[in-house]
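These numbers come from the heavy atoms of this one structure, side chains and all, not from hydrogens, waters or symmetry mates. This is a predicted model, so every value here is computed, not measured. Residue indices begin at 1 and follow the sequence shown.
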Amino acid sequence: MTDARAAWLITPAGPVPYDVANDAMHELAGRRLTGEIPDTVILLEHPPVFTAGRRAKDDELLWDERSIEAMGGLVRKIDRGGSFTFHGPGQLVGYPILGLGTAPDAAGYLRHLEHAVIRASASVGATVGRRDDVQTGVWAGDDKVCAIGVRLLRTRVTLHGFAVNCDTDLSWFDGIVACGLPDHGVTSLSRLLGRDVGVDDLRPHMVAALAAEFGLAFDRAPADLDERFAPTPVPG
């Protein structure tokens, strides 16, 4: 890749609490805006959490928060676009923190994210695509396999990103009107392929697809950044 830009890659080994990742992501975006750090991509899993974007409506949360917390989940209102979605184990979540330059193309950025997910999914054998008639995301028919919701910091640096259902427990999506689309469902790569496709199976293909779509040459992020995204301790 002759013109690839140097970029950092952060890939925690286990689920990272949403609040930890969200705070660190915003800090890194601010540092990217000032040119202190290069483009950075975070690929991780979260413990169960429902996130509500700027277009989310209260009645799209179908379970009460006390019940969600009793099940080990959280609800968070955040600053990305879009409505409610779910993040949890078995789902590969990507947070690209990229500088879009002096003439940012937000729509073009979203198309590149979609294409990267489509490429990575094809690499594990799944045929998925985008739909012009519904909204941003990656689909298999009427079922969404990847939700996308982003924000641009000062219109130039990307925040938030995408979430691909690998072998996610899809019953969690019963708690929301996913992406504000009551007549559409969700699916996973494992369900589409009839075999288990885990986060570890998809991750290297996602890294390669993001590098190709955005012209990035990845290197491991400094150790202090890896420490910011420490996985959730496993109870002993």
Exercise. Could you tell me which non-hydrogen atom of V207 sits nearest to which non-hydrogen atom of L43, and how far apart they are?
Key: CG2-CD1, 3.6 Å
Exercise. For the residue pair L61 and V75, establish whether any side-chain heavy-atom pair is separated by less than 4.5 Å.
Key: yes
Quiz prompt | Where C166 and S188 come nearest, the two heavy atoms and their spacing | solution = O-CB, 3.4 Å
Quiz item: So, do Y109 and P104 sit near enough that their side-chain heavy atoms are less than 4.5 Å apart?
Solution: no
Quiz item: Can you tell me how far the CG atom of L152 sits from the CG atom of L159, to the nearest 0.5 Å?
Solution: 8.0 Å
Quiz item: Can you find a pair of side-chain heavy atoms, one from R54 and one from R151, that are under 4.5 Å apart?
Solution: yes
Exercise. I would like to know whether S67 and D64 meet side chain to side chain donor-acceptor pair (under 3.5 Å); could you show each step before the answer?
Key: CA-CA 6 Å; S67 297; D64 66 86; 2.9 Å; yes
Exercise. Measure the acute angle between the ring planes of H46 and Y95, then classify it against the limits of 30° and 60° as parallel, tilted or perpendicular.
Key: tilted
Practice problem: Give a yes or no on whether the backbone of G90 and the side-chain of T168 come within a donor-acceptor separation of less than 3.5 Å. | Solution: yes
Practice problem: Using a strict 4.0 Å threshold on nitrogen-to-oxygen distance, state whether R5 and D39 make a salt bridge. | Solution: yes
Quiz item: Does E69 pair with R66 as a salt bridge, N-O distance under 4.0 Å?
Solution: no
Quiz item: Taking side chain as C-beta onward, heavy atoms only, is V186 less than 4.5 Å from V145?
Solution: no
Quiz item: What's the shortest heavy-atom distance between F229 and V16, and which atoms?
Solution: O-CG2, 3.4 Å
Quiz item: Do Q91 side-chain atoms and F86 backbone N/O form a donor-acceptor pair below 3.5 Å?
Solution: yes
Quiz item: Can you name the closest pair of heavy atoms from D105 and G108 and give their distance?
Solution: OD1-N, 2.9 Å
Practice problem: Compare all side-chain heavy atoms of E114 with those of F162 and state whether any distance is below 4.5 angstrom. | Solution: no
Quiz item: Do you know which two heavy atoms are closest between I97 and A29, and how far apart they sit?
Solution: CG2-CA, 3.7 Å
Quiz item: Does L9 offer a backbone N or O that forms a donor-acceptor pair with the side chain of T11 under 3.5 Å?
Solution: no
Exercise. May I have all residue pairs that pass side chain to side chain donor-acceptor pair (under 3.5 Å) and include part of residues 205-220, sequence neighbours excluded?
Key: H112-E213, R119-E213, R220-D226
Quiz item: Checking D201 side chain against G198 main chain: does a donor-acceptor pair fall under 3.5 Å?
Solution: yes
Exercise. Could you tell me whether the side chain of S121 and the main chain of I118 form a donor-acceptor pair under 3.5 Å?
Key: no
Quiz item: Would F84 and F50 count as a close aromatic pair, with their ring centres under 6.0 Å?
Solution: no
Quiz item: Is there a side chain to side chain contact (heavy atoms under 4.5 Å, CB included) between M206 and V117 once you walk through the steps?
Solution: CA-CA 7 Å; M206 198 73 245; V117 173; 4.0 Å; yes
Practice problem: Check the pair R131 / D142 against salt bridge (Lys or Arg N to Asp or Glu O under 4.0 Å), numbers first and verdict last. | Solution: CA-CA 10 Å; R131 290 179 53 174; D142 285 333; 3.0 Å; yes
Self-check item: Distance, nearest 0.5 Å, that separates CD1 of I176 from CG of D59
Solution: 13.0 Å
Quiz item: Rounded to the nearest 0.5 Å, how far apart are OG1 of T187 and CG of L192?
Solution: 4.0 Å
Quiz prompt | Donor-acceptor under 3.5 Å (S190 side chain, V197 main chain) | solution = yes
Practice problem: Nearest 0.5 Å please: distance from the OH atom of Y18 over to the CG atom of L44. | Solution: 10.0 Å
Quiz prompt | pair L98-V41: side-chain heavy atoms closer than 4.5 Å | solution = yes
Practice problem: Starting at OG1 of T155, measure out to CG of L100 and round the result to the nearest 0.5 Å. | Solution: 8.5 Å
Practice problem: Not counting sequence neighbours, which residues clear side-chain contact (heavy atoms from CB on, under 4.5 Å) with R80? List them please. | Solution: T51, I78, T85, H160
Self-check item: Test log, rule salt bridge (Lys or Arg N to Asp or Glu O under 4.0 Å), inputs D19 and R76
Solution: CA-CA 9 Å; D19 293 341; R76 292 291 184 262; 2.9 Å; yes
Practice problem: Could you tell me whether the side chain of V164 reaches within less than 4.5 Å of the side chain of L202, counting heavy atoms only? | Solution: yes
Self-check item: Donor-acceptor pair, side chain of E45 and main chain of P89, under 3.5 angstrom
Solution: no
Quiz item: Could you give the distance from CZ (F218) to CD1 (I10), rounded to the nearest 0.5 Å?
Solution: 10.5 Å
Quiz prompt | Heavy-atom check, side chain of L113 versus side chain of P96, under 4.5 Å | solution = yes
Quiz item: Using 4.0 Å as the upper bound for N to carboxylate O, is an ion pair formed by R195 and D167?
Solution: no
Quiz item: After noting the C-alpha distance and the side-chain angles of H26 and D79, does the key distance pass the side chain to side chain contact (heavy atoms under 4.5 Å, CB included) rule?
Solution: CA-CA 10 Å; H26 281 78; D79 59 353; 2.8 Å; yes
Quiz item: If you take all heavy atoms of L170 and R191, which pair is closest and at what distance?
Solution: CD1-CZ, 3.6 Å
Self-check item: Heavy atoms from other residues, nucleotides or ligands near CG of D58 exceed 12 (cutoff 6.0 Å)
Solution: no
Quiz item: Where do N165 and L92 land on the side chain to side chain contact (heavy atoms under 4.5 Å, CB included) test, with the steps shown first?
Solution: CA-CA 7 Å; N165 297 326; L92 181 61; over 6 Å; no
